[in-house]
Student: 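Before we start, here is the structure in question, set down as structure tokens.
In each ligand, atom 1 is the first atom listed, and ligand 1 is the first ligand listed. Residue numbers run from 1 in the order of the sequence given.
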Amino acid sequence: MKMEELYSGKAKSIYKTDNPKQFIAEFRDSLTAFDGKKMSEAAKKGYYNAQISKKIFEMLEEEGIKTHYIDMVSDTEMLVDAVDIVLIEVIPRNIAAGSITRKYPIEEGTVFENPVMVLDFKSDEFGDPMLNEDIAVAMGIASYEEIEQIRSMALKINDILKNYLKEKGFLLPDFKLEFGRKDGEIVVADEISCDTCRFWDISTGESMDKDIFRFDKGDLSKTYEEVAKRIVPEIFE
Ligand code: TMP
């Protein structure tokens, strides 16, 4: 049963339930970019992202990766484990795009021979600065063992997701993962969706993700619908 709101983020709201070990994550139509400086709404965005995330979490679970996903309680609401979020955003990068091309002399489209793993401090207040292990441990946000585990899970997820998306006609330049602690165990949390991944059409190279909104490249709802048609065709039947 959905109870009071615990937290409202930029794209999702988290609610308590009558079970202290479970939360409900509601995917909303609101979206922001550039640390919330750019804000908007897109029809059905929450629906498509919730459905895409559900499908990817289920696929990862089948591959032996633990996630916080439990079940859907509505089209846009996901029942999840109430985890303690690790304040590290892990970004596996396969092809250079976005911030890495602005911060370093790396050209967009450069294919990395090995995935480039970027760890950022999840903090709007500090503007998500890049982390290394020592800084994360010094701040007390994770232990060396946890960071090692998070890195190896992220690498494995990157491989699985890259192959899964190739079959659906997408390249995966990069994506962002969050992790949480569930009874001492590290599990994937948050969402894996058009808001948190870069999806490039394999034949045209066009963006089919939140870059549409970040850089005014077109109709976000239509684009997310196209992604949903490839990943969750069953919701259109
Ligand atoms: P970036 O190139 O802007 O650093 O983004 C890298 C990836 O992380 C991209 O797939 C989008 C995702 N991302 C988020 O999910 N949340 C964020 O706040 C940011 C900045 C990026």
Student: Before accepting this row, confirm whether a basic side-chain N of the pair Lys10/Asp124 lies closer than 4.0 Å to the acidic partner's carboxylate O.
Tutor: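 Yes, charged N to carboxylate O under 4.0 Å.
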Student: Do the ring planes of Phe57 and Tyr69 sit parallel (below 30°), tilted (30 to 60°) or perpendicular (above 60°)?
Tutor: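 Because their plane-to-plane angle is under 30°, the rings of Phe57 and Tyr69 count as parallel.
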Student: Compile the protein residues with any heavy atom at a distance under 4.0 Å from an atom of ligand 1; present them by chain, then by number.
Tutor: Ile91, Arg93, Ala97, Gly98, Ser99, Asp174, Phe175, Lys176, Asp195, Thr196, Cys197, Arg198, Arg214
Student: Is the shortest distance from a Lys or Arg side-chain nitrogen in Lys156 or Glu63 to a carboxylate oxygen in the other one below 4.0 Å?
Tutor: no
Student: Working to the nearest 0.5 Å, report the span between CG of Asp120 and OG of Ser99.
Tutor: 7.0 Å
Student: With side-chain hydrogen bond (donor to acceptor under 3.5 Å, both in side chains) as the criterion, how do Asp209 and Tyr224 come out once you've worked through the C-alpha distance, each side chain's angles and the decisive distance to 0.1 Å?
Tutor: CA-CA 7 Å; Asp209 55 60; Tyr224 281 28; over 6 Å; no
Student: Do Ser30 and Glu41 pass the side-chain hydrogen bond (donor to acceptor under 3.5 Å, both in side chains) test, and can you show the C-alpha distance, the side-chain angles, and the key distance before you say yes or no?
Tutor: CA-CA 4 Å; Ser30 55; Glu41 291 237 335; 5.1 Å; no
